[in-house]
Amino acid sequence: MNNNPAVAMAPRTKFYLQLARAGYWGLWLLIPVWLLWLAPANYGGAGEITGNKLISTALLWLPLWLPMYGIIKGKAYTFAWANFIVMIYFLHSLTNLWVSSGLYQLLSGLELVLATVMFIGCTYYARHRGIELGLKIPKLKDDPRR
């Protein structure tokens with residue numbers, strides 16, 4: 001599914017693209033800043049960046065690298081499957097909101113807002129851009145084999 005630049009993008013579609021990208025880049029920046037500097041989990045070290053902190057950060061940050069190329073290029077299909085990845089951050093933020101307090105809880109709230117923004121933007125961008133490009137999934141009732 002290619003993003004055809006010859007097909008004009010409606011203003012509403014552009015809005016959802018910007019919304020999705022704002023949530024994505026917000027999460028992309030928040031995760032390492034949070035886990036390495038603002039409120040790192042305590043693994044028994046004296047506050048320095050330890051191997052455990054790097055591993056934790058990598059495990060939570062790595063999934064955000066997977067859709068990066070398609071998000072930069074505006075590929076509708078990438079935005080559709082990126083919603084599966086954003087579920088990681090929904091769960092992470094909701095769990096931390098439930099069990100933490102202070103700065104950690106505040107950062108979890110920010111993560112939830114960014115994940116929600118990305119989810120809404122990705123969902124509607126993929127839908128509207130897919131329709132503009134003629135990529136919509138045919139309905140079962142329209143299947144000629146039936």
Side-chain angles (χ1 to χ4, degrees), residues 1-41 43 49-146:
M1 294 188 182
N2 291 331
N3 184 27
N4 186 350
V7 177
M9 191 181 301
R12 178 175 56 178
T13 306
K14 286 180 185 176
F15 170 76
Y16 289 122
L17 174 63
Q18 292 170 348
L19 197 65
R21 285 178 173 165
Y24 172 78
W25 289 113
L27 284 171
W28 195 87
L29 290 171
L30 175 67
I31 297 303
V33 171
W34 170 4
L35 297 176
L36 294 175
W37 294 287
L38 292 178
Y43 294 109
I49 296 177
T50 62
N52 289 336
K53 290 178 186 174
L54 291 175
I55 291 169
S56 296
T57 302
L59 288 174
L60 198 56
W61 199 33
L62 184 64
L64 286 171
W65 286 81
L66 299 174
M68 185 185 286
Y69 178 79
I71 286 176
I72 290 170
K73 294 293 186 179
K75 296 184 177 288
Y77 185 74
T78 302
F79 283 82
W81 65 258
N83 274 337
F84 293 109
I85 291 174
V86 83
M87 290 301 128
I88 296 167
Y89 305 96
F90 273 121
L91 291 172
H92 182 255
S93 63
L94 290 171
T95 301
N96 282 319
L97 279 170
W98 186 262
V99 301
S100 65
S101 62
L103 180 60
Y104 215 80
Q105 193 171 41
L106 181 68
L107 292 169
S108 297
L110 178 58
E111 181 184 26
L112 180 60
V113 168
L114 291 170
T116 302
V117 166
M118 181 180 168
F119 181 80
I120 291 168
C122 284
T123 299
Y124 288 103
Y125 175 75
R127 178 178 184 197
H128 294 299
R129 190 62 180 157
I131 290 170
E132 290 171 359
L133 297 173
L135 302 175
K136 67 180 187 178
I137 298 171
K139 295 181 178 157
L140 188 58
K141 68 177 185 163
D142 297 333
D143 188 355
R145 296 176 288 175
R146 291 191 73 184

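Counting all heavy atoms, side chain and backbone alike, Cys122 lies closest to Ala82 at SG-CB, 4.4 Å. Residue Thr78 comes nearest to Ile71 through the heavy atom pair CG2-N, 4.0 Å, listed as atom of the first residue, atom of the second, then distance. The minimum heavy-atom distance between Leu107 and Ala39, with the atom names listed, is CD1-CB, 3.8 Å. Contact detail for Pro67 and Tyr24: the closest heavy-atom pair is CG-CE1, 4.0 Å. A pairwise comparison of heavy atoms in Leu19 and Val117 identifies O-CG1, 3.2 Å as the closest pair. When all heavy atoms are compared, the tightest approach of Tyr89 to Ala115 is CB-CB, 4.2 Å.
Distance OG1/Thr123 to NE2/His128: 10.0 Å, rounded to 0.5 Å. With rounding to the nearest 0.5 angstrom, the OG atom of Ser56 is 11.5 Å from the CD1 atom of Ile31. Interatomic distance, Leu27 CG to His92 NE2, rounded to the nearest 0.5 Å: 11.0 Å.
Shown here are the side-chain contact (heavy atoms from CB on, under 4.5 Å) partners of Leu59, two or more places apart in sequence or in another chain: Ile55. Contacts of Ser108 classified as side-chain contact (heavy atoms from CB on, under 4.5 Å), with partners at least two apart in sequence or in another chain: Trp34, Asn96, Leu97, Ser100, Tyr104. Taking Thr95 as the reference, nothing meets the side-chain contact (heavy atoms from CB on, under 4.5 Å) condition, with sequence neighbours excluded. With sequence neighbours left out, the ring-ring contact (aromatic ring centres under 6.0 Å, His included) criterion links Phe90 to Phe119. Residues passing the side-chain contact (heavy atoms from CB on, under 4.5 Å) test with Trp65, sequence neighbours excluded: Trp28, Trp61, Met68.
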Pairs of donor and acceptor atoms involving the side chains of residues 10-18, under 3.5 Å and at least two apart or interchain, shall be tabulated with distances.
| from | atom 1 | to | atom 2 | distance (Å) |
| --- | --- | --- | --- | --- |
| Thr13 | OG1 | Glu132 | OE2 | 2.6 |

Q: Could you walk me through whether Leu54 and Leu36 pass side chain to side chain contact (heavy atoms under 4.5 Å, CB included), step by step?
A: CA-CA 8 Å; Leu54 291 175; Leu36 294 175; 4.0 Å; yes

(Q) Working note: Arg129 + Val7, criterion side chain to side chain contact (heavy atoms under 4.5 Å, CB included); need CA distance, chi angles, decisive distance, verdict. (A) CA-CA 9 Å; Arg129 190 62 180 157; Val7 177; 4.0 Å; yes

